[in-house]
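Order of the sequence lines fixes the chain letters, A, B, ..., with proteins taken first and strands second; residue numbering starts at 1 for each chain. Just so we're clear, the structure is a prediction, and the values are computed from it rather than from any experiment.
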Amino acid sequence: MQALFLYNTLSRKKEEFKAINPPFVGMYVCGPTVYSDVHLGNCRTFISFDLLYRYLLHLGYKVRYVRNITDAGHLEGDRDEGDDKFAKKAKLEQVEPMEIVQKYTLGFHDVMREFNALPPSIEPTATGHICEQIEMIKEIINQGLAYEKNGTVYFDVEKYSKEFNYGQLTNRKLEELLEGTRELSGQDEKHGRLDFALWISAKPETLMRWPSPWGWGFPGWHIECSAMSRKYLGDTFDIHGGGMDLQATHHANEIAQSQACYHKTPVNYWIHTNMLTVNGTRMSKSAGNGFLPEELFTGNHPLLEKGYKPLAVRFFMLQTHYRSTLDFSNEALQASEKGFERLMESYKTLQTLQASSSSSENIAELQKNCYQAMNDDLNTSVLIAHLFDTVRIINSANDKKTQLTSSDITLLKKIYDDFIFDVLGLKPEKGNEKLDSVLEKVMRMVLEMRANAKTTKNFQLSDEIRDKLLAAGIQIKDGKEGSAWKI
RNA sequence: GGUCCUGUGGCCGAGUGGUUAGGCUCAGCUCUGCAAAAGCUGCUACUCCAGUUCGAACCUGGACGGGACCUCCA
């Protein structure tokens with residue numbers, strides 16, 4: 001099998017993936033800030049990394065997948081307002097900040113489960129790692145690359161840039177970065193325009209605060225990921241991921257913090273996923289154009305014509321490459337939903353396929369194509385195109401137009417299990433098993449009755465059965481070997 | 001303003017120098033008692049202009065359009 005190539009933001013090229021210590025792989029992904037419901041755009045990122053996680057597992061790697069929960073330290077705009085997003089929301093809802101955190105963390109997990117995303121190996125929280133963050137800030141101060149002012153600690157970007165390349169992830173020079181930044185106002189405590197807070201001093205009314213060498217306060221946003229990734233994955237690890245919106249600020253700062261501490265590049269492969277857009281504009285919390293997964297599943301949203309099943313939505317997302325923007329629309333969703341159903345239907349057909357002694361298809365070639373697509377920077381668009389080839393092959397064989405040997409069928413089943421279920425994380429929508437088995441028996445009976453009506457040329461009755469079943473949501477599919485049905 | 005990405009058929013969306021992407025839609029055909037399902041075929045796609053090349057959607061230059069980041073965001 002060929003090697004896996006991944007696009008590395010650091011080099012802006014596809015690079016062959018080589019683990020530091022195979023078969024182990026350390027992967028860190030920036031998780032959600034749990035002060036409100038995750039929207040669909042957030043989900044896309046986590047589904048993309050779920051795909052990478054699943055594929056690495058499929059290839060036999062032992063992956064430690066760390067995805068944090070940000071439950072402290074995110075300020076909303078100007079930091080002078082004192083409270084972070086959690087405390088603000090808590091005041092609004094008149095609850096404890098940790099009630100906010102708990103509520104939206106549970107909600108996030110529910111949604112991820114619906115999308116059939118595997119849970120990460122470790123899901124650390126910022127509030128659970130205050131000590132580690134304080135220790136790391138102390139190290140940066142000891143290196144002379146951070147300074148304290150009135151209980152707040154800042155990272156000194158310009159001083160850091162004398163020794164290290166601050167703009168490496170975004171391919172920009174310090175001067176360019178400075179040009180694009182706002183002037184410091186007279187009241188600013190920061191030395192330099194690009195400096196960012198590592199620790200923020202708390203005001204008396206601040207709800208979430210911890211003691212530190214610099215007084216009561218709370219951590220800045222960027223330090224948590226550096227501290228937690230280092231704790232669980234080491235000074236240098238394999239893969240760090242997140243949305244593209246984090247690249248320029250959050251990830252650039254993460255690299256700076258780690259480099260400042262231990263003078264080593266913290267990550268070998270930086271992977272960034274692209275945004276989900278609505279009518280061409282990025283879906284975001286602040287823009288207010290976000291869909292909640294729940295609204296999508298129920299169809300309860302002015303822009304939605306109907307509800308969509310979670311895995312149909314997952315399939316919709318996987319049809320686009322993770323580094324392309326994906327535009328959200330009813331039409332596109334409905335197209336994906338139909339394709340997804342056809343794919344799942346062919347899996348059922350595959351289970352009932354009769355083997356022939358000869359073969360008219362090259363299934364091994366098809367399997368190779370699937371690996372090739374995935375190895376090319378997880379090209380799921382191409383992978384899915386190949387999978388639709390299998391649909392055609394299966395349906396043709398089912399119609400007795402082509403032949404498959406039993407080893408062909410076995411290999412096809414393996415392709416489905418490997419790529420559709422294990423790697424893409426799709427699966428047929430599960431109903432109630434007991435109900436299904438009863439329905440199966442009832443349907444067998446009904447189809448038998450209809451077949452009898454047809455043999456006696458009582459087409460009025462057979463059509464009535466068909467039409468009434470359709471009205472009830474069951475579609476009859478007549479074939480040479482009798483009739484089948486689907487919901 | 002700066003940095004960068006992008007412009008593909010009715011819709012979504014791969015491809016990045018010569019060979020079918022794929023899905024959905026629509027039309028025709030095959031199968032069928034009819035329909036559906038399934039299969040086949042078609043709707044002759046690459047924003048525009050100039051250049052490089054035997055050959056360009058793909059490379060280069062320019063124009064126009066869309067978007068992202070530079071401030072919290074997956």
Could you tell me how far [M] sits from [N] if I compare only their [atom1] atoms? Round to whole Å.
{"N": "B/G9", "M": "B/U47", "atom1": "P", "value": "8 Å"}
{"N": "B/C59", "M": "B/U3", "atom1": "C1'", "value": "23 Å"}
{"N": "B/U71", "M": "B/C48", "atom1": "P", "value": "37 Å"}
{"N": "B/A57", "M": "B/U19", "atom1": "C1'", "value": "15 Å"}
{"N": "B/C11", "M": "B/U25", "atom1": "C1'", "value": "7 Å"}
{"N": "B/G1", "M": "B/U53", "atom1": "P", "value": "36 Å"}
{"N": "B/G62", "M": "B/G55", "atom1": "C1'", "value": "23 Å"}
{"N": "B/A14", "M": "B/U8", "atom1": "P", "value": "11 Å"}

Spacing between [X] atom [atom1] and [N] atom [atom2], to the nearest angstrom:
{"X": "A/Asn330", "N": "B/G23", "atom1": "CG", "atom2": "P", "answer": "22 Å"}
{"X": "A/Asn42", "N": "B/C72", "atom1": "CG", "atom2": "P", "answer": "17 Å"}
{"X": "A/Glu337", "N": "B/U25", "atom1": "CD", "atom2": "P", "answer": "11 Å"}
{"X": "A/Asn362", "N": "B/U20", "atom1": "CG", "atom2": "P", "answer": "18 Å"}

Atom [atom1] of [X] and atom [atom2] of [Y]: how far apart are they, to the nearest 0.5 Å?
{"X": "A/Phe421", "Y": "A/Lys413", "atom1": "CZ", "atom2": "NZ", "answer": "11.5 Å"}
{"X": "A/Asn68", "Y": "A/Glu123", "atom1": "CG", "atom2": "CD", "answer": "8.5 Å"}
{"X": "A/Arg466", "Y": "A/Leu470", "atom1": "CZ", "atom2": "CG", "answer": "9.0 Å"}
{"X": "A/Leu378", "Y": "A/Leu51", "atom1": "CG", "atom2": "CG", "answer": "5.0 Å"}
{"X": "A/Arg64", "Y": "A/Asp238", "atom1": "CZ", "atom2": "CG", "answer": "11.5 Å"}
{"X": "A/Gln334", "Y": "A/Glu305", "atom1": "CD", "atom2": "CD", "answer": "5.0 Å"}

Classify [X] by what it touches in the nucleic acid, base, sugar-phosphate, or nothing, heavy-atom distance under 4.0 Å.
{"X": "A/Asp245", "answer": "base"}
{"X": "A/Gly31", "answer": "sugar-phosphate"}
{"X": "A/Asn379", "answer": "sugar-phosphate"}
{"X": "A/Ile476", "answer": "base"}
{"X": "A/Ser48", "answer": "nothing"}
{"X": "A/His321", "answer": "sugar-phosphate"}
{"X": "A/Thr349", "answer": "nothing"}
{"X": "A/Met244", "answer": "nothing"}
{"X": "A/Asp327", "answer": "sugar-phosphate"}
{"X": "A/Ala332", "answer": "sugar-phosphate"}
{"X": "A/Gly242", "answer": "sugar-phosphate"}
{"X": "A/Lys454", "answer": "base"}
{"X": "A/Leu276", "answer": "base"}
{"X": "A/Phe388", "answer": "sugar-phosphate"}

Picking from [options], which would you name as closest to the side chain of [X]?
{"X": "A/Lys401", "options": "B/A74, B/A14, B/A38", "result": "B/A38"}
{"X": "A/Thr249", "options": "B/C72, B/G22, B/G33", "result": "B/C72"}
{"X": "A/Asp399", "options": "B/C72, B/A68, B/G39", "result": "B/G39"}
{"X": "A/Arg450", "options": "B/C24, B/G22, B/G33", "result": "B/G33"}
{"X": "A/Ser381", "options": "B/A74, B/G13, B/G23", "result": "B/G13"}
{"X": "A/Cys30", "options": "B/G33, B/G23, B/A74", "result": "B/A74"}
{"X": "A/Ser462", "options": "B/G33, B/C24, B/A74", "result": "B/G33"}
{"X": "A/Thr320", "options": "B/G23, B/A68, B/A14", "result": "B/A14"}
{"X": "A/Arg342", "options": "B/A37, B/G23, B/A14", "result": "B/G23"}
{"X": "A/Glu331", "options": "B/G39, B/C70, B/C11", "result": "B/C11"}

Show the distances under 3.5 angstrom between N or O atoms of the protein and N or O atoms of nucleotides 40-43 of chain B.
from  : atom 1 : to       : atom 2 : distance (Å)
B/C40 : OP1    : A/Arg392 : NE     : 3.3

So, the side chain of A/Thr9 versus the backbone of A/Trp270: is there a donor-acceptor pair under 3.5 Å, distance only? yes
Does a side-chain N or O of A/Ser324 approach OP1 or OP2 of B/G13 to a distance below 4.0 Å, or not? no
Would you say A/Arg466 places a side-chain N or O within less than 4.0 Å of OP1 or OP2 belonging to B/A36?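 No, because none of the side-chain N or O atoms of A/Arg466 sits under 4.0 Å from OP1 or OP2 of B/A36.
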If you take atom types as modelled and just measure distance, does the side chain of A/Asp463 reach the base of B/G33 with a donor-acceptor pair under 3.5 Å? yes
Taking N and O atoms by type only, does the side chain of A/Asp478 place a donor or acceptor under 3.5 Å from a partner on the base of B/A35? yes
Looking only at non-hydrogen atoms, find the nearest pair between A/Met208 and A/Pro97 and report the distance.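 Heavy atoms only, the tightest pair is SD-CB, 3.4 Å.
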Which pair of heavy atoms, one from A/Ile415 and one from A/Cys370, lies closest together, and at what distance? CG2-SG, 4.4 Å
Hunt down any stem RNA chain B takes part in, defined as 3 or more consecutive Watson-Crick or G-U pairs whose two distances are each under 3.5 Å.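 RNA chain B forms these stems: B:1-7 with B:64-70, B:10-12 with B:22-24, B:26-30 with B:38-42, B:47-51 with B:59-63.
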Indicate the ring-plane relationship of A/Phe315 and A/Phe388, choosing parallel, tilted or perpendicular according to the 30° and 60° boundaries.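 Judged by the thresholds at 30° and 60°, the geometry between A/Phe315 and A/Phe388 is perpendicular.
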Indicate the ring-plane relationship of A/His251 and A/His240, choosing parallel, tilted or perpendicular according to the 30° and 60° boundaries.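 Plane angle over 60°, so perpendicular.
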What residue pairs, at least two apart or across chains, pass ring-ring contact (aromatic ring centres under 6.0 Å, His included) with a residue in residues 273-293 of chain A?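 Found A/Phe291-A/His301, A/Phe291-A/Phe328.
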Could you go through A/Lys348 and A/Glu345, starting from their C-alpha distance and side-chain angles, then the distance that decides it, and tell me whether this counts as salt bridge (charged side-chain N to carboxylate O under 4.0 Å, His left out)? CA-CA 5 Å; A/Lys348 282 192 208 155; A/Glu345 204 52 33; 3.8 Å; yes
Begin from the C-alpha positions of A/Lys454 and A/Asp478 and carry the test salt bridge (charged side-chain N to carboxylate O under 4.0 Å, His left out) through to its verdict. CA-CA 11 Å; A/Lys454 279 170 75 171; A/Asp478 289 337; 3.4 Å; yes
RNA chain B nearest-nucleotide lookup for A/His250 and A/Ile384: closer to the 5′ end is A/Ile384
